[in-house]
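Report on one structure; see the data block that follows.
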Amino acid sequence: MTTTPGRLAPSDLARVAGEGLRTRRTRAALSALGIAIGVAAMVAVLGLSASSQAGLLAQIDRLGTNLLTVTAGKTLTGDDAELPTEAPGMIGRIGPVQQVQSTGTTKASAYRSPLIPAINTNALSVDASSLDLPKALRATVARGRYLNAATAQQPVAVLGATAAKRLGIDRITPNLRIWVGGQWFYVAGILNPVVLTPEIDTSVLVGYPAAQKYLGFDGHPSTIYVRTETEQVEDVHNVLAATANPADASEVTVSQPSAALEARAAAQSALNGLFLGLGAVALLVGGIGVANTMVISVLERRSEIGLRRSLGATKGNIRVQFLSEAILLAALGGVIGVALGSVATFVYAQLKGWSTVVPVLAWGGGFGASVAIGAVAGLLPALRAARMQPTEALRTV
């Protein structure tokens, strides 16, 4: 087939249109991957943070925000103060109070056997405990059973979750004993972890009568746990110190455990800035990749640009073409990144038992950022392509 001088044959047109297509596709895929990694990092960070907070707050809701603790503070001279032995009973007479339970710290230590050196205490405390403590704390027994009116009189102990692990006990067997305060105590049960009051996890709990009889306990409670009507928490909080120790309320400390957990939930977002910064760096790298891809694309596609201009395409058409390609490339990376980040959030949240939360800011912001970066990255190459003269571009044909 012959061609007229100055005109392109169909085979030449096909060659111009398909020139470097495979290379451009590979380069475009790598640029989209950079965008996808950055967006996925941002979505995963925000999603995991939101899911973690949702899980923690849901746990707080299950445990209740109406638990208050009363502990002994310091005297004016800096010595440890004592709560009166009558304090639990006096607190129980406050109208909105529903439950009052207490523990008292003894001077005894607990060991797996008397052969363990005394210095190896495993940071465990031996505490006297009232009988309905698990009910007030909404704690559950993992193994065995809790103290009752009979076992509270005898050398019998219940272990917190961490205490059991440190003592090497994972089950309850007949005649299972530990060495407490220089004598054997039988182990009746093991508690599950207590979220609101983690100090119970490292405690070896015995009954008040047994602590006084076998461990020389003086009967003064060290911590009093108070369940109140939810609507009256603040009112009860305001009068607890004076009620627990009318003689000197300044020596009493009152706290709300759920407030500490809520603060922890809020503090989890403190590191978000660091990981979001890493995601932003990945997005920036991806944006540079898009810009580089589009610049090289303009150079490689001069034939196509010249051909389109010679067929009547305006500068605006060329500008829109290359700008839309850059935006589409970045948007594709954004969609892939949002999908990857959401999947990562879902999988991790399921493993942790959280509800999956992917905030609108995460997926919307990630996708929007990718599109914006694509527009910025493609603007200069698009302007450069639009300024190219048809005759200059066709010289490469």
Side-chain angles (χ1 to χ4, degrees), residues 1-40 42-43 279-340 360 363-397:
M1 181 178 65
T2 60
T3 60
T4 304
R7 295 193 179 183
L8 296 174
S11 59
D12 294 328
L13 293 174
R15 178 180 60 81
V16 171
E19 184 180 26
L21 183 59
R22 181 177 300 176
T23 302
R24 290 199 297 270
R25 284 178 176 175
T26 302
R27 194 180 297 116
L30 292 175
S31 300
L33 179 61
I35 295 287
I37 292 174
V39 172
M42 296 178 67
V43 171
V281 170
L283 268 178
L284 179 61
V285 172
I288 293 174
V290 170
N292 181 64
T293 297
M294 297 311 299
V295 168
I296 296 176
S297 179
V298 170
L299 296 176
E300 291 179 343
R301 296 164 66 185
R302 285 178 295 178
S303 302
E304 176 188 339
I305 296 170
L307 182 60
R308 290 200 64 206
R309 289 297 307 278
S310 67
L311 293 175
T314 65
K315 290 184 178 181
N317 296 142
I318 300 299
R319 189 183 305 116
V320 170
Q321 175 190 350
F322 281 87
L323 184 59
S324 60
E325 286 182 11
I327 294 175
L328 183 61
L329 183 62
L332 178 62
V335 170
I336 296 173
V338 169
L340 291 176
V360 175
W363 62 265
F367 180 75
S370 67
V371 171
I373 286 178
V376 172
L379 182 60
L380 182 60
L383 294 175
R384 182 175 182 178
R387 289 196 301 266
M388 192 171 293
Q389 297 300 321
T391 54
E392 177 187 351
L394 287 172
R395 289 175 186 170
T396 61
V397 179

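All values derive from a computational prediction rather than experimental measurement. Starting from 1, each residue takes its place in the sequence as its number.
- Every residue meeting the side-chain contact (heavy atoms from CB on, under 4.5 Å) condition with Ala331, not counting sequence neighbours, appears here in chain and number order: Phe367, Val371.
- In this view, Thr314 and Asn317 satisfy the side-chain hydrogen bond (donor to acceptor under 3.5 Å, both in side chains) rule, not counting sequence neighbours.
- Looking at residues two or more places apart in sequence or on another chain, you find a side-chain contact (heavy atoms from CB on, under 4.5 Å) between Leu332 and Ile336.
- When every heavy atom of Ser370 is checked against every heavy atom of Val39, the shortest pair comes out as CB-CG2, 4.0 Å.
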